[in-house]
Engineer: 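Have a look at this one.
Everything quoted here is computed from the prediction, not taken from an experiment.
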Amino acid sequence: QVQLVESGGGLVQAGGSLRLSCAASGRTFSNYGMGWFRQAPGKEREFVGGISWSGSNTYYADSVKGRFTISRDNAKNTVYLQMNSLKPEDTAVYYCTTDKIWRRVLVPTTPGVYDYWGQGTQVTVSS
């Protein structure tokens with residue numbers, strides 16, 4: 001059974017930074033891409049960004065491009081989401097998730113191609 005545990009969320013002022021972590025267990029982490037999604041109250045879950053299994057490819061939603069960075073440490077089975085220049089509209093519950101496909105080269109953006117999900121961590125950005 002795959003388990004994903006996010007941490008690092010919290011309350012931050014606009015313009016500030018946070019780093020989210022997602023620790024994975026139960027699967028050979030290094031063979032699968034990882035994604036980050038978020039869901040704000042009353043809104044659908046949306047893609048934030050993702051990283052391929054090797055870390056060579058990353059892809060971001062336009063809304064976070066240039067502000068957020070995803071990285072992974074396969075030795076620690078952990079993926080990170082560094083969030084800088086945070087805005088109130090970044091307020092949401094953030095989820096990490098695993099790609100279904102072994103060693104997919106590209107980063108998918110639709111939630112249906114991801115299988116396991118963490119419990120989420122709340123990020124609140126005050127204005």
Side-chain angles (χ1 to χ4, degrees):
Q1 182 71 17
V2 175
Q3 287 191 321
L4 303 173
V5 180
E6 301 100 334
S7 60
L11 173 64
V12 63
Q13 289 189 332
S17 298
L18 282 174
R19 188 176 83 154
L20 305 185
S21 299
C22 172
S25 63
R27 175 185 275 180
T28 307
F29 175 80
S30 59
N31 287 326
Y32 293 87
M34 299 292 293
W36 285 96
F37 285 74
R38 67 186 180 186
Q39 188 166 20
K43 295 188 176 181
E44 292 188 355
R45 191 168 296 190
E46 65 171 352
F47 174 78
V48 174
I51 187 166
S52 63
W53 65 277
S54 64
S56 60
N57 290 323
T58 55
Y59 187 78
Y60 301 93
D62 287 344
S63 58
V64 307
K65 201 171 294 183
R67 300 188 298 122
F68 290 12
T69 303
I70 296 174
S71 61
R72 64 189 298 159
D73 185 339
N74 286 342
K76 296 182 178 180
N77 287 357
T78 302
V79 63
Y80 304 98
L81 178 64
Q82 177 67 44
M83 305 185 293
N84 299 328
S85 303
L86 283 161
K87 305 175 181 180
E89 51 263 44
D90 295 318
T91 295
V93 178
Y94 284 71
Y95 301 89
C96 69
T97 181
T98 59
D99 192 345
K100 290 180 180 178
I101 302 300
W102 184 85
R103 295 196 176 186
R104 190 198 308 261
V105 174
L106 299 179
V107 176
T109 63
T110 54
V113 301
Y114 292 91
D115 48 7
Y116 295 98
W117 296 78
Q119 83 288 350
T121 186
Q122 176 71 46
V123 171
T124 302
V125 185
S126 63
S127 57

Engineer: Counting only heavy atoms from other residues, nucleotides and ligands, does the tally under 6.0 Å from CD of Gln3 exceed 12?
Structural biologist: no
Engineer: So is Arg19 actually on top of Tyr80's ring, under 6.0 Å and inside 45° of the axis?
Structural biologist: yes
Engineer: When you measure from the side chain of Thr97 to the backbone of Tyr116, do you find a donor-acceptor pair of N or O atoms at a distance under 3.5 Å?
Structural biologist: yes
Engineer: Enumerate the salt bridge (Lys or Arg N to Asp or Glu O under 4.0 Å) contacts for residues 77-88, please, sequence neighbours excluded, ordered by first and then second residue.
Structural biologist: none
Engineer: Return the CG to CG distance between Leu18 and Asn84, rounded to the nearest 0.5 Å.
Structural biologist: 9.5 Å
Engineer: For the NZ atom on Lys65, are there more than 12 heavy atoms of other groups (residues, nucleotides or ligands in this structure) within a distance under 6.0 Å?
Structural biologist: yes
Engineer: Measure from NZ or CZ of Lys100 to the centre of the six-membered ring of Tyr32, then state whether that distance is under 6.0 Å and the direction lies within 45° of the axis.
Structural biologist: no
Engineer: State which residue, out of Val107, Leu20, Ile51, fulfils the side chain to side chain contact (heavy atoms under 4.5 Å, CB included) condition with Ile70.
Structural biologist: Ile51
Engineer: Classify the angle between the aromatic ring planes of Tyr94 and Phe68 as parallel (below 30°), tilted (30 to 60°) or perpendicular (above 60°).
Structural biologist: tilted
Engineer: Assess the side chains of Thr78 and Asp73: does a donor N or O sit below 3.5 Å from an acceptor N or O?
Structural biologist: no
Engineer: Nearest 0.5 angstrom please: Ser30 OG to Asn77 CG, how far?
Structural biologist: 7.5 Å
Engineer: Give a yes or no answer on whether the side chain of Tyr114 reaches the backbone of Trp36 with a donor-acceptor pair at less than 3.5 Å.
Structural biologist: no
Engineer: Hey, are the side chains of Arg38 and Val123 touching, using non-hydrogen atoms and a 4.5 Å cut-off?
Structural biologist: no
Engineer: Name all residues meeting the side chain to side chain contact (heavy atoms under 4.5 Å, CB included) criterion together with Val105; count only those two or more places apart in sequence or in a different chain, and write none if there are none.
Structural biologist: Asn57
Engineer: I want to check a possible cation-pi pair here: Arg45 against Tyr95, using under 6.0 Å from ring centre and within 45° of the ring axis as the test.
Structural biologist: yes
